[in-house]
K.L.:
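Sharing a structure with you now.
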Amino acid sequence: MKIIAELPPSTSKDVVINRIHAISRYTDYVDIPDSPGGKPSAHAIAVGVIAKESGLLPIVHIRLRDLNLLAYRSLLGALRLLDLNHVALLMGDPPSVGLPVDHLTTELAVPIAKEYGLKVGVLLSMRRNYAERLKIGADFYLVLNLRDPRALEPLRSLEIYPYLLVRTDKNAALLNRLGQPSVELESLRELVDMLEPYSRGVVISAPGDFEAELMALSSITKR
């Protein structure tokens, strides 16, 4: 099973490099959010370049809510130029500064990204009827709001990667606001084992508690 670690962006190159070094002890794959929570940060493409130069394989997010078609195509051109081959497209949270553009939909954005030869992923929420989502024709799906691994049974033929959000005392309030299922560190290994028959891998995230994410990665990559 592929273990993908979330790599939170930062405008500090030292912070990004230190996080990459820490993650690389456990996995080669990183998932890089774009302005998480709608707050400004270094763009995921920039973080992805540093990750790739450090030997990791990045999935770079692009927030569509902030872009018109020209800006979007320019970012896709940057991905191709920089040899960043995996992109995840999402609308994103409302921006904390400025106004949303809301010019693009995921349905429109996916085929355009494929024109650039990219492997394209989208978010798939288990709270919704996902049948329509699958018609978009993405190459892979990052799964949100999964409460029961068995719910993935109809999707096993697809390339799917559920988010596993690790809950700690430090980030409990944040996770409550997000309203998504989470797992205690002590139960993570068992959950990963339960998911193995259904998914190609998992994305490990501990929002607001990067040290806990490293502990989680350590706990599930030990042999």
K.L.:
Backbone N or O of Ala216 within a donor-acceptor pair of the Ser219 side chain at under 3.5 Å?
P.N.:
yes
K.L.:
So, does Thr27 use its side chain to make a donor-acceptor pair with the main chain of Ile3 at under 3.5 Å?
P.N.:
yes
K.L.:
Do Leu185 and Thr168 make a side-chain contact, defined as non-hydrogen atoms from C-beta onward lying under 4.5 Å apart?
P.N.:
no
K.L.:
How many angstroms lie between atom CG of Asp209 and atom CE of Met215, to the nearest 0.5 angstrom?
P.N.:
8.5 Å
K.L.:
How close do Ile220 and Arg189 get, heavy atom to heavy atom, and via which atoms?
P.N.:
O-NH1, 2.7 Å
K.L.:
Measure the CG-CG distance between Leu79 and Leu118 for me, rounded to the nearest 0.5 Å.
P.N.:
5.5 Å
K.L.:
May I ask you to test the Leu164-Val166 pair for a side-chain heavy-atom distance under 4.5 Å?
P.N.:
no
K.L.:
Are any side-chain N or O atoms of Glu213 and backbone N or O atoms of Glu6, one a donor and one an acceptor, separated by less than 3.5 Å?
P.N.:
yes
K.L.:
When you measure from the side chain of Asn18 to the backbone of Asp14, do you find a donor-acceptor pair of N or O atoms at a distance under 3.5 Å?
P.N.:
yes
K.L.:
I would like to know whether Arg19 and Leu214 meet side chain to side chain contact (heavy atoms under 4.5 Å, CB included); could you show each step before the answer?
P.N.:
CA-CA 9 Å; Arg19 287 174 176 171; Leu214 296 179; over 6 Å; no
K.L.:
Apply side chain to side chain contact (heavy atoms under 4.5 Å, CB included) to the pair Leu158 and Leu124, showing each step before the final yes or no.
P.N.:
CA-CA 12 Å; Leu158 301 175; Leu124 188 147; 5.8 Å; no
K.L.:
So how far is it from Gln180 CD to Asn145 CG, rounded to the nearest 0.5 Å?
P.N.:
4.5 Å
K.L.:
Can you tell me how far CG of Leu75 sits from CG of Leu81, rounded to the nearest 0.5 angstrom?
P.N.:
12.0 Å
K.L.:
Do we see a donor-acceptor contact under 3.5 Å between the side chains of Tyr161 and Asp31?
P.N.:
no
K.L.:
For Glu190, look at atom CD and say whether over 12 heavy atoms of other residues, nucleotides or ligands are found less than 6.0 Å away.
P.N.:
no
K.L.:
Which value, rounded to the nearest 0.5 Å, describes the distance between Met126 atom CE and Leu144 atom CG?
P.N.:
10.5 Å
K.L.:
When rounded to the nearest 0.5 angstrom, what is the spacing between CG in Asp28 and CD1 in Ile23?
P.N.:
11.5 Å
K.L.:
Give me the ring orientation class for His61 and Tyr163: parallel if the planes are under 30° apart, tilted from 30 to 60°, perpendicular past 60°.
P.N.:
perpendicular
K.L.:
Is the cationic atom of Arg133 (NZ for Lys, CZ for Arg) positioned less than 6.0 Å from the six-membered ring centroid of Tyr141 and within 45 degrees of its normal?
P.N.:
no
K.L.:
Treating Lys170 as the side-chain partner and Glu211 as the backbone partner, does any N or O pair qualify as donor plus acceptor under 3.5 Å?
P.N.:
no
K.L.:
Quick one, Lys135 with Glu132, criterion salt bridge (charged side-chain N to carboxylate O under 4.0 Å, His left out). Give me CA distance, side-chain angles, the key distance, then yes/no.
P.N.:
CA-CA 5 Å; Lys135 293 179 183 178; Glu132 289 299 314; 2.8 Å; yes
K.L.:
My understanding is that only one of Lys114, Arg200, Lys119 makes a salt bridge (charged side-chain N to carboxylate O under 4.0 Å, His left out) with Asp139; could you say which?
P.N.:
Lys114
K.L.:
Regarding Arg150 and Tyr198, do their side chains bring together a donor and an acceptor under 3.5 Å, going by distance alone?
P.N.:
no
K.L.:
Keeping Asp34 on the side-chain end and Arg63 on the backbone end, is there a donor-acceptor pair under 3.5 Å?
P.N.:
yes
